[in-house]
Amino acid sequence: MATPGALRPSMGAALQICRASSTRGIIAPTRTVTSRAAARPAFCPSAQAASLSTTPALLRRHKYIGARVTRDNNKKRGESVLRRTGTRWRLSMSDEPLPQPVKPEELPPIETDPDHGLWQFFQNRNSIANPPLKDAEHGRAWTVEELRYKSWEDLHKLWWVCVKEQNRIATAMWERQNRQLGYGDAESDTRRKTVKATQKAIKHVLTERFYAWEDAVELAKSDPEIDLSGDGPAFTPKEYLEEEVPGLGSGEEVAREEVKANGSDVATSSTPDSSTLLSATSSEQKTAPTI
Amino acid sequence: MATPAAKAAVKALRPIGGKQIFLPEHIIKMVRPKDNQPPNLATFSVPLTFNKFDIRDYLFHVYNVEVTAVRSFVNQRRLQKKFRIHAWYRPQAGKMMIAELVKPFVWPQLLGVTEREEFDYKQFYTMETEQDKMNDESDLRKWGRIKPRDLAVTQDVSLMRKQAKLFMEDPASWAFGGLRSTEKWREVEVDVKLDKKR
């Protein structure tokens, strides 16, 4: 870099002479690495004997080190894919060693993450499908009666548990049938039907709740305490104690009737919160369903 | 695990749909990959209504599995005949999807025949083969069709089988025309020395 501009042509000339004397005929001019190494004056005994000129007579079209004497202007003469000569020009990756291909069986085994989400598709990490005796170990489906007391959150969670179980059963069924594992289709199908029954019960309960809600809306239309217009509070309760009107009964009875009228909304209001429900579920599990 | 923060990070990184489905009834099966299928590909059998975006979001939200790309194809079923009615019909096609996973997943090896005791494989195999044989026999009685494998084995075929077995045991013993054996083969022509002086 610090070489003065005037010195460069002469250095080039010296290197040219070295190259001509050391690598003539034997090494292909395309092998720039070797020719460069050989072109160093330290390894070139004939450098001293050669005449040194400072004139730019040796400058030609190709000025790079290792350029050959050209008879035409073809930059790519001598390059061949078949003879694997490589390029005439030094490329940025010429010094990079090429990677050696490795056989697939010699590669290190790929380890699966034990927490990988796809494990949830399997009943059993060893055989994918559970053996029939183990597959038959399950309780009954949830009944509609039990599910009536559950909140929407709980029912939704239970639904997704069922969906995943269905996927697991279907995956096991596919594996058992396509890979001829053996018996177990009947047990698997019973399990599937149990899950299906639970899902059906969930939909039953939700439908019941929807009908109850529809009826409540109908009732609310005729209820003076409820405002369905959307402006202001929806529910403005009247005074608890009302004046006794002779012949109409006591105020308490009227209030009770009102509660009854609003009671169709029980589904959401009377359900306990999910934390108590979950504990109830865990205690029930001994007798009640596992699915 | 799937903390909300981690899920949000993934959502920021790659597109995830926002359509909410509360009570789906789709059943998705995971299918054992073909031989030499790379472990970053997972195959699923999905309902015909599913599209690529659906399975991507389904896997992410339900199983916390990230997917970079999905390929899908529909398998047409073979024509079948209705039982006893003998009317041709085509069963409904099946859709399969191959998802490219971010984290590779290697399937456990298939259970060997001896490891399937819990599935009562021995009995299963005997019953299946017996059933096949009975079906073939009934076919033969009904239609008079003989399967090629049940055709009488000729002498030529049995000889060829014997030779093939020998060849598989020791390929070096084989030569064109038959087995190279000193006992079987002897030189018939003998070199005659000619008197060159004549």
Side-chain angles (χ1 to χ4, degrees), chain A residues 104-105 107 109-122 124-135 152 155-156 158-185 187-188 192 195-196 199-200 202-203 206, chain B residues 1-2 20-33 35-36 38-47 58-67 94 96 99 101-129:
Chain A
E105 53 266 22
L107 286 167
I110 297 161
E111 283 176 19
T112 314
D113 182 10
D115 288 335
H116 203 295
L118 291 181
W119 285 118
Q120 295 172 54
F121 272 100
F122 299 160
N124 188 332
R125 290 196 183 192
N126 189 25
S127 62
I128 316 303
N130 263 342
L133 275 180
K134 207 174 176 190
D135 220 10
W152 157 247
L155 291 182
H156 195 208
L158 184 59
W159 181 272
W160 277 102
V161 169
C162 289
V163 166
K164 280 187 163 186
E165 181 67 22
Q166 288 263 39
N167 287 352
R168 231 172 279 139
I169 292 167
T171 304
M173 193 75 124
W174 181 290
E175 177 79 1
R176 197 186 303 106
Q177 290 179 352
N178 286 28
R179 302 285 161 164
Q180 300 242 318
L181 285 184
Y183 287 115
D185 284 1
E187 286 79 0
S188 204
R192 184 187 64 79
V195 179
K196 201 78 193 155
Q199 281 181 311
K200 210 174 170 187
I202 292 172
K203 286 223 161 170
L206 291 175
Chain B
M1 292 305 287
Q20 286 188 315
I21 298 171
F22 289 95
L23 303 171
E25 291 193 6
H26 317 121
I27 292 177
I28 293 186
K29 299 163 218 166
M30 197 176 168
V31 177
R32 187 178 277 279
D35 293 342
N36 296 332
N40 68 328
L41 300 184
T43 317
F44 300 94
S45 164
V46 297
Y58 189 95
L59 286 178
F60 177 69
H61 286 124
V62 185
Y63 291 96
N64 193 29
V65 172
E66 282 177 62
V67 166
M96 291 183 97
L101 308 172
V102 174
K103 279 201 278 181
F105 183 82
V106 183
W107 267 62
Q109 277 208 325
L110 184 63
L111 280 192
V113 174
T114 49
E115 293 164 334
R116 299 178 197 171
E117 287 157 11
E118 285 183 306
F119 296 91
D120 203 1
Y121 180 73
K122 220 173 175 181
Q123 175 76 6
F124 174 80
Y125 180 76
T126 322
M127 294 287 280
E128 288 287 299
T129 42

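Given the structure is predicted, the values throughout are model-derived calculations rather than measurements. Chain naming here is simple, since letters A, B, ... match the order of the sequence lines and numbering starts at 1 in each.
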Practice item. Examine the side chains of A/W152 and A/H156 and answer whether a donor and an acceptor come within less than 3.5 Å of each other. Key: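 There is no such pair (donor and acceptor under 3.5 Å, judged by atom type) between the side chains of A/W152 and A/H156.
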Heavy-atom cut-off 4.5 Å, strictly under: side chain, backbone, both or neither for [X] against chain B?
X      : result
A/K134 : neither
A/L133 : neither
A/I202 : neither
A/R125 : backbone
A/W119 : both
A/N178 : neither
A/I128 : side chain

Point to revise | Distance (rounded to the nearest 0.5 Å) between B/F119 CZ and A/Y183 OH | key: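 So the CZ of B/F119 and the OH of A/Y183 are separated by 13.5 Å.
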Which atom names give the shortest non-hydrogen contact between [X] and [Y], and what distance separates them?
X      : Y      : answer
A/I169 : A/S188 : CG2-OG, 3.4 Å
B/I28  : A/T171 : O-OG1, 4.1 Å
A/R176 : A/N130 : NH2-O, 4.3 Å
A/I110 : B/P39  : CD1-CG, 3.3 Å

For [X], which atoms come within 4.5 Å of any heavy atom of chain A: side chain, backbone, both, or neither?
X      : result
B/Y58  : side chain
B/Q109 : backbone
B/V65  : side chain
B/L23  : both
B/Y125 : neither
B/P104 : both

Exercise for review: Could you check if a side-chain atom of B/I27 sits within less than 4.5 angstrom of a side-chain atom of A/N167, using non-hydrogen atoms only?
Suggested key: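 Of all side-chain heavy-atom pairs linking A/N167 with B/I27, at least one is under 4.5 Å.
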Review point. Is there a side-chain contact between A/W174 and B/R32, using heavy atoms and a 4.5 Å cut-off?
Key: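 Result no, sub-4.5 Å side-chain heavy-atom pair not found.
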When only pairs under 4.5 Å are counted, which of [options] shares the most heavy-atom pairs with chain A?
options               : result
B/D120, B/V113, B/N36 : B/D120
B/F22, B/W107, B/Y63  : B/Y63
B/H26, B/R116, B/E25  : B/R116
B/E66, B/Q123, B/E117 : B/Q123
B/F44, B/Y121, B/F105 : B/F105

Practice item. Look at A/M173, A/Q166, A/E175 and state which one has the largest set of heavy-atom pairs under 4.5 Å with chain B. Key: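 Winner by heavy-atom pair count: A/E175.
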Review point. Of all of A/P132, A/G184, A/P131, which one pairs up most often with chain B through heavy atoms under 4.5 Å apart?
Key: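 Heavy-atom pair counts peak at A/P131.
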Review point. Quick one: does A/K164's side chain have a donor or acceptor within less than 3.5 Å of a partner on B/V62's backbone?
Key: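 Pair found, side chain donor or acceptor close to backbone of B/V62.
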Check your understanding: Short question: side chain of A/W159, backbone of B/P24 - any donor-acceptor pair under 3.5 Å?
Key ->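 The answer is yes, because a donor-acceptor pair under 3.5 Å joins these two groups.
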Exercise for review: Please list, chain by chain and in numerical order, all residues satisfying side-chain contact (heavy atoms from CB on, under 4.5 Å) with B/K122, sequence neighbours excluded.
Suggested key: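 None.
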Review point. Who are the side-chain contact (heavy atoms from CB on, under 4.5 Å) partners of B/E115, not counting sequence neighbours?
Key: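 With sequence neighbours excluded, B/E115 shows a side-chain contact (heavy atoms from CB on, under 4.5 Å) to B/L111, given in chain and number order.
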